[in-house]
Protein chains: 2
Amino acid sequence: MRSTTGQTPDYCAIEVAMEVLGGRWKLVILKQLLGGKQRFSELKRAMPQITARMLTRQLRAMEEDGLVERTVYREVPPRVEYTLTETGRGLDEIAGMLDDWGRWYLATRGGSLNGPPRMPARTDGHPVEGAVP
Amino acid sequence: MRSTTGQTPDYCAIEVAMEVLGGRWKLVILKQLLGGKQRFSELKRAMPQITARMLTRQLRAMEEDGLVERTVYREVPPRVEYTLTETGRGLDEIAGMLDDWGRWYLATRGGSLNGPPRMPARTDGHPVEGAVP
DNA sequence: CGGAATCCTGGTTGATACTG
DNA sequence: CAGTATCAACCAGGATTCCG
């Protein structure tokens with residue numbers, strides 16, 4: 001296991017942030033929860049792409065990381081609500097900036113990442129620049 | 001199949017940002033490059049943990065995503081320099097915030113992520129709240 | 001020097017079915 | 001409703017070796 005935790009002198013705090021916030025869903029869930037307390041099914045409905053399994057796992061991880069709080073109501077139809085903790089809410093600004101940046105990026109770059117619709121010849125797009133000074 | 005790319009109406013821009021910036025290295029590399037133009041070996045030396053393969057891959061991905069620019073000098077000992085593009089430099093603030101947050105998070109949470117020192121009973125920590133309205 | 005090619009692993013994600 | 005269990009696929013990431 002990779003430290004990121006330990007006293008290795010070679011990590012940078014961004015790695016820590018990415019370990020807590022990284023992955024495909026964490027920040028999306030967080031953004032959802034910025035809208036206020038929500039229950040499992042609401043979150044699920046808000047993010048159709050995520051599977052129940054992943055949603056559970058991410059929420060658990062975020063809970064362990066102190067980002068969300070989980071409240072279980074023992075009712076006949078079970079109810080579980082999720083809220084952001086102070087720590088979680090503190091990510092408001094960062095989430096917002098990433099969201100803005102993502103939107104801006106999409107707009108600038110024409111809505112296509114480097115995924116499936118990969119531009120053919122681009123690897124050697126700008127081949128050689130200049131000679132040595 | 002994961003879109004994030006397509007015209008699915010259900011993604012949020014954060015996903016885009018995470019797809020471009022996510023992973024373990026991208027932002028670390030970016031942060032390194034914020035210090036100015038550097039060549040491959042310099043980057044490698046600055047991040048001893050990364051393998052040459054990963055560094056190459058990440059740099060290529062970032063290049064394709066328009067974050068870094070790659071300049072090849074055809075010298076006898078080959079030289080390749082990497083710089084941030086405008087787009088890349090535009091991430092300065094976000095990288096800084098994530099870095100700050102990571103540092104703060106480490107400090108607050110005692111320098112340990114969710115790894116080893118896991119709180120035992122917390123799943124049902126506050127077991128039952130109230131009844132249904 | 002700055003990679004590319006190849007092989008490999010295990011952690012993460014997903015689909016599906018079942019349960020309290 | 002809010003999960004859990006199980007199986008399977010995928011891919012980030014790494015080790016090693018070779019190349020211009």
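Naming: A, B, ... by sequence-line order, numbering from 1 per chain.
No donor-acceptor pair under 3.5 Å is formed between the side chain of Gln58(A) and the backbone N or O of Ile29(A). Between the Lys26(B) side chain and the Val20(B) main chain, a donor and an acceptor come within less than 3.5 Å of each other.
Whole-Å rounding puts the Leu55(A) CG to dA15(C) C1' distance at 16 Å. Rounded to an integer number of Å, the gap from CE of Met18(B) to P of dT12(C) is 14 Å. Remark: P of dA2(D) and CZ of Arg79(A) are 9 Å apart, rounded to the nearest angstrom. One interatomic measurement links the two molecules: CD of Glu42(B) to C1' of dG2(C), which rounds to 13 Å at whole-angstrom precision. Rounded to a whole Å, the CG atom of Leu59(B) is 8 Å from the P atom of dG3(C). To the nearest angstrom, C1' of dT13(C) lies 15 Å from CE of Met47(A). Protein atom CD of Glu15(A) is 11 Å distant from nucleotide atom P of dG13(D), rounded to whole Å. In this structure, Met54(A) places its CE atom 18 Å from P of dA9(D), rounding to the nearest Å.
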Go through Leu84(B) and Glu69(B) one step at a time and tell me if the side-chain contact (heavy atoms from CB on, under 4.5 Å) criterion holds.
-> CA-CA 6 Å; Leu84(B) 289 183; Glu69(B) 181 159 8; over 6 Å; no

Tell me, with the steps shown, if Arg89(B) and Glu86(B) meet salt bridge (charged side-chain N to carboxylate O under 4.0 Å, His left out).
-> CA-CA 5 Å; Arg89(B) 249 172 283 124; Glu86(B) 274 304 316; 2.6 Å; yes

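Taking the six-membered ring for Trp and thresholds of 30 and 60 degrees, Tyr105(A) and Trp101(A) have nearly parallel ring planes, at less than 30 degrees apart.
Note on Tyr82(A): every side-chain N or O is 4.0 Å or more away from OP1 and OP2 of dC1(D). Neither OP1 nor OP2 of dG3(D) sits under 4.0 Å from any side-chain N or O of Arg57(A). Here Arg24(A) reaches the OP1 or OP2 of dG14(C): one of its side-chain N or O atoms lies under 4.0 Å away. Note on Arg45(A): every side-chain N or O is 4.0 Å or more away from OP1 and OP2 of dA2(D).
Residue contacts for Gln58(B): at a heavy-atom cut-off of 4.0 Å it reaches the sugar-phosphate backbone alone, with no base atom in range. Nucleic acid contact class of Arg39(B) (heavy atoms, under 4.0 Å, all strands): sugar-phosphate only.
Which of dG14(D), dG2(C), dA4(C) sits closest to the side chain of Trp25(B) comes down to dG14(D). Between dA4(C), dG3(D), dG14(C), one nucleotide has an atom nearer to the side chain of Val80(A) than all others, and that is dG3(D).
Side-chain contact check for Trp104(B) versus Val16(A): every heavy-atom pair is 4.5 Å or farther apart.
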Can you name the atoms? Protein N/O to nucleotides 15-20 of chain D N/O, anything below 3.5 Å, with the distance.
{"unit_1": "dA15(D)", "atom_1": "N6", "unit_2": "Arg53(B)", "atom_2": "NE", "d": "3.2"}

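Looking at Lys37(A), Arg70(A), Arg39(A) one by one, the single match for salt bridge (charged side-chain N to carboxylate O under 4.0 Å, His left out) with Glu81(A) turns out to be Lys37(A).
Comparing Ile50(A) and Phe40(B) against DNA chain C, the residue whose closest nucleotide sits nearer the 5' end is Phe40(B). Taking for each of Glu81(A) and Gly22(B) the nucleotide of DNA chain D with the nearest heavy atom, the 5'-most of the two is the partner of Glu81(A).
Arg103(A) is linked by a side chain to side chain donor-acceptor pair (under 3.5 Å) to Asp99(A), counting only residues two or more places apart in sequence or in another chain.
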